[in-house]
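Quick note: residue numbers are just sequence positions, from 1.
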Amino acid sequence: MPIAVDIDVMLARRKMTVGELADRVGITPANLAVLKNGRAKAVRFSTLAALCEVLGCQPGDLLRWEAEDPAGG
C-alpha cells in the first residue's frame, strides 16, 4: 500500500505504549494495531485528529506516501 503509517515512530518518541495511546484516543488497542500495522483501509478524520492531539503532532508525522514498486512487490 502506498500510504505508510508511522504511529510506532511517534509512540517511541513520546515513550507511550499502544494501550495507553488507544485509551487516551478512545479506540480499542486492536483497532489501533490495525491502523499502526498498515492494514486499515480507512481512518476517520476524528480519529486522526485525536491521535495528533494526544501525540502532539501533525497528520504528516503519522502518514506518508510511498511510491509502489512497479514490479508489484
TODO: Answer with yes or no whether the hydrophobic clustering places L48 together with M10; edges join I, L, V, M, F, W, Y residues whose side-chain heavy atoms lie under 4.5 Å apart.
DONE: yes

Open item on the list: Tell me whether the count of non-hydrogen atoms from other residues, nucleotides or ligands lying under 6.0 Å of CZ in R39 goes above 12.
Closed with: yes

Task: Heavy-atom closest contact (P59 atom, C52 atom, distance) - done: N-SG, 3.4 Å

Task: Atom of R14, atom of G56 and distance for their closest heavy-atom approach - done: NH2-O, 3.1 Å

Task: Minimum heavy-atom distance between V18 and K36, given as atom pair plus value - done: CG2-CE, 3.8 Å

Task: Contact check, side chains of V25 and L32, non-hydrogen atoms, under 4.5 Å - done: no

- [ ] Give me the one residue out of L63, D61, I7 that meets side-chain contact (heavy atoms from CB on, under 4.5 Å) with L51.
- [x] I7

Task: Connected via hydrophobic side-chain network under 4.5 Å: L21 and V9 - done: no

Task: Joint cluster assignment, L62 & F45, ILVMFWY side-chain distance < 4.5 Å - done: no

Task: V34-L11 co-clustered via ILVMFWY side chain contacts under 4.5 Å - done: no

Open item on the list: Quick check for you: to the nearest 0.5 Å, what is the distance between T47 atom OG1 and L35 atom CG?
Closed with: 8.0 Å

Open item on the list: Are more than 12 heavy atoms, taken from residues, nucleotides or ligands other than E53, located less than 6.0 Å from that residue's CD atom?
Closed with: no

Open item on the list: According to side-chain hydrogen bond (donor to acceptor under 3.5 Å, both in side chains), who are the partners of N31, at least two apart in sequence or on a separate chain?
Closed with: T28

Open item on the list: Just to verify, what does R13 make a side-chain hydrogen bond (donor to acceptor under 3.5 Å, both in side chains) with, not counting sequence neighbours?
Closed with: none

Open item on the list: Is any side-chain heavy atom of L55 closer than 4.5 Å to one of M16?
Closed with: yes

